[in-house]
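We use all heavy atoms of the structure for the numbers below, so side chains are in, but hydrogens, waters and symmetry mates are not. Note on naming: letters A, B, ... go to the chains in the order of the sequence lines (proteins, then strands), and numbering restarts at 1 for each one. Please read these numbers as outputs of a predicted model, since none were measured by experiment.
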Amino acid sequence: MQRTLIKDLPNHIGEEVKVQGWLQTLRDQKSMQFLILRDKTGLVQVAHWKKGNPKLAETISALGTESALTIIGKVVANEVVRLGGLEIQLEELKVEGLAETPLPFDPFNEVLPDQDFRLDWRYLDLRRERNRLIIEVQTTLEAAMRTYWLDHDFIEIHSPKILGAASESGAELFSLKYFETTAYLAQSPQFYKQMAMAAGFERVFEIGPVFRADPSFTSRHMTEFTGVDMEISWIESHEDVMVFIENWLAYCYAEVKVKHGEQIKQHFGVELTVPTVPFPRLTMAEAYEVLKSLDYSLPPEQKGDLDPGAERALGKYIKDSYDNDFVFVTDWAFSVRPFYHMLHEDNPLLTKSFDLLGKGLEITTGAQREHRYEVLASQAQQKGLSLEPIQDYLNFFRYGCPPHGGFGLGLSRLLMIMMDLPTIREAVYLFRGPNRLRP
RNA sequence: GGGGGCGUGGUGUAGUGGUCUAACAUGUGGCCCUGUCAAGGCCAAGAUCGCGGGUUCAAAUCCCGUCGCUCCCGCCA
C-alpha cells in the first residue's frame, strides 16, 4: 500500500490510506483514543474506538509522544473535527520507532528549553516546521546560487580542506596530526579559487566547509561553517565583482521568495523583500562621514576599520535613506586588509576591496586580487610575511594569470539576515563553536 | 583573549537572609470522563537550589573560588 501524505488526505475521503509520521499528541479516553499524527506536510487526527480492538488500544496507550508510526485507516469527513474537518478511523497501527518517555523536551510545547539544551537534542528541535524551514530555505538558496552561476558559465570546484602550510594569516588555523607531520584545516578556499584563475577557468565557485580556530563567543561566529566563494577573471576592478554579487543575490532572493515567502512570513514575521539593484555603495571614507553625521564614534584603535556597532549604524542609515537592506563599503585601507588585495593605482594606501553588509551584518568580503607576481610578493613582505610558506600560492602568478577578483560569503549569515534569526546557531544544521563539538 | 549576566524537580520560571519541610506551569505515571481537539478533573512521583569553601544564631538568597551557559567587545563570514 502506498503512503499518503497528510496534506493530500482531503482527496481521499472514503478511502483506506496508509499514513506515516510522528505521534504529536495522544488523547486517551475511556472509550476513544485520538492520535494526532504529524508528517512533513501536516497534522491529522486518527480516531480509535477502544472496544473495537482492545489489544490495539493497549498498544496505543503505551505510546510515547513523538513515536514514529505507520497507520492504516479510512479517511472520513467529519465537520466536528477541528483539525481539517476530517479524520482517519484507525484500522491498523505499527510502531516503527517507539519514543521513550519522558522526552528530553517537547519540541511542540509553547515554552522551550534554552538553545544550548536544544542543541543537545538537535534532531528533536529540527522536528519543528520552523526549523526545518530554515534548512529548506538554505536548500533553495544554494540551488538558486548554482543556477545563476551555471547560467553565467561558471565552473564548480572543490578545493582541499587539508593544507600543508598556513594559508593567509596562519593565526586562526586548526592544526592536526597528519601521519608524520602537521597539517591544517583550510580557513578559506581563497588561494585555490585563485589557482583556478591561473588555470584559465575564468569563473569558478565553491560551496564548502571552512574552519576557523577563533574562540569567538558571539551570535554570529562558528568554528566550522559553510563558505560560499566565487572568483572571476578579466575584471577591471572590484566594481565588476560587486555588480555580479548584487544581481546574483537579487536572483536568489527572488527564488526564495517565490518558494518560501509565505512560510517565512508565517514563521518569522519577515516580509522577504527582493533587494533592488544596484546596492548603495559607500567608500570607507564616506562611511566615516556618515558615522560622524550619526554621532557614532568609533574607538580610536578602529582606525580604518568598522566595529559591529558601526556596521549596525550604517545598516540602519542605509535602510532609512535608501530603503535597502544591503550596502557595499568599499576601498578599505591596506592596513586592515590581506596582502593579496589589489591596491588603487592612484592611492597605494587603499585596496580595491569591499565588504557587503546585510542588515548591518558583515556577510561578505571581496576584492580585486593582485595578480602580478612581483607586486604580490612585495605586498606580502610589506605585511611582514615570509614568502617561503606561501611560495606555492605565489607560483600561481608566474606564468600568466589574468586580472581577477571575487568574494567569500557566509551562508548561515545570509540565512540569518533573510529570516531575522537572533543567532547563527539557528541558521545552521549543526552548530560548531569553541565549546560545542557534539552531537 | 577582555568585560557583563545567569545557573532552583525532565523542561520553563517564582522565591534574593528566618514563614522554604522550596512554589507555579508544563511534562511524566495512575485513576476518572459517549468524540476529544491548546481536552478536562482528581491523585502521585520528581530538586542534597551547578560544585567547593566562607560569613551568619540562620544561606537557594551575602562573599570568594571554580565549572557550565549566555551576551557584548576583539577577530571575522
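Taking the P atom of each, C6(B) and A25(B) are spaced 26 Å apart, rounded to whole Å.
Judged by closest nucleotide on RNA chain B, T101(A) is the one of T101(A) and Q89(A) placed further toward the 5' end.
The base of G12(B) lies outside donor-acceptor range of the side chain of E110(A), with no N or O pair under 3.5 Å. Judged by atom type and distance alone, R413(A) reaches the base of C76(B) through a side-chain donor-acceptor pair under 3.5 Å. On a pure distance criterion of 3.5 Å, a polar donor-acceptor pair joins the side chain of S216(A) and the base of C75(B). Taking only distance into account, the side chain of Q45(A) meets the base of U36(B) through a donor-acceptor pair shorter than 3.5 Å.
Taking atom CD of residue E100(A) and atom C1' of nucleotide G29(B), one finds them 16 Å apart after rounding to whole Å. Following rounding to the nearest Å, L249(A) (CG) and A77(B) (C1') show an atom-to-atom distance of 13 Å. For D106(A) and G10(B), the CG to C1' distance is 12 Å, given to the nearest whole Å. In this entry the distance linking CD1 of I36(A) with P of A38(B) reads 9 Å, nearest Å. Between the CG atom of L306(A) and the P atom of C75(B) there is a distance of 11 Å, rounded to whole Å. Rounded to whole angstrom, the span from the CG atom of D28(A) across to the P atom of G40(B) amounts to 15 Å. Taking atom CE of M416(A) as the reference point, atom C1' of C76(B) lies 13 Å away to the nearest angstrom. In this structure, K30(A) places its NZ atom 8 Å from C1' of C33(B), rounding to the nearest Å.
Under a 3.5 Å cut-off, the side chain of R3(A) and the backbone N or O of Q20(A) do form a donor-acceptor pair.
At least one side-chain nitrogen or oxygen of N435(A) sits closer than 4.0 Å to the OP1 or OP2 atom of C69(B). Using a 4.0 Å cut-off, some side-chain N or O of S219(A) falls inside it from OP1 or OP2 of C72(B). For U28(B), the OP1/OP2 oxygens have a side-chain nitrogen or oxygen of T65(A) closer than 4.0 Å. When the side-chain nitrogen and oxygen atoms of R425(A) are compared with OP1 and OP2 of C71(B), one or more of them lie within a distance under 4.0 Å. Contact annotation: R220(A) side-chain N/O to C75(B) OP1/OP2 distance is not under 4.0 Å. The phosphate of G35(B) (OP1 or OP2) has a side-chain N or O of Q29(A) nearer than 4.0 angstrom. Between G68(B) and R436(A), no contact under 4.0 Å exists linking OP1 or OP2 to a side-chain N or O. Between C37(B) and R27(A), no contact under 4.0 Å exists linking OP1 or OP2 to a side-chain N or O.
Within the cation-pi definition used here (under 6.0 Å to the ring centroid, within 45° of the axis), K383(A) qualifies as a partner of F334(A). Remark: R436(A) is not positioned above the aromatic ring of F431(A), lacking an NZ or CZ atom under 6.0 angstrom from the ring centre and at most 45 degrees off the axis.
Backbone-only engagement by D114(A) is indicated by non-hydrogen atom pairs under 4.0 Å involving sugar-phosphate atoms exclusively.
Salt bridge absent: E92(A) and K94(A) never bring a charged side-chain N and a carboxylate O closer than 4.0 Å.
With H404(A) as the fixed residue, the side-chain hydrogen bond (donor to acceptor under 3.5 Å, both in side chains) test singles out one of H371(A), Q194(A), Q368(A), R203(A): Q194(A).
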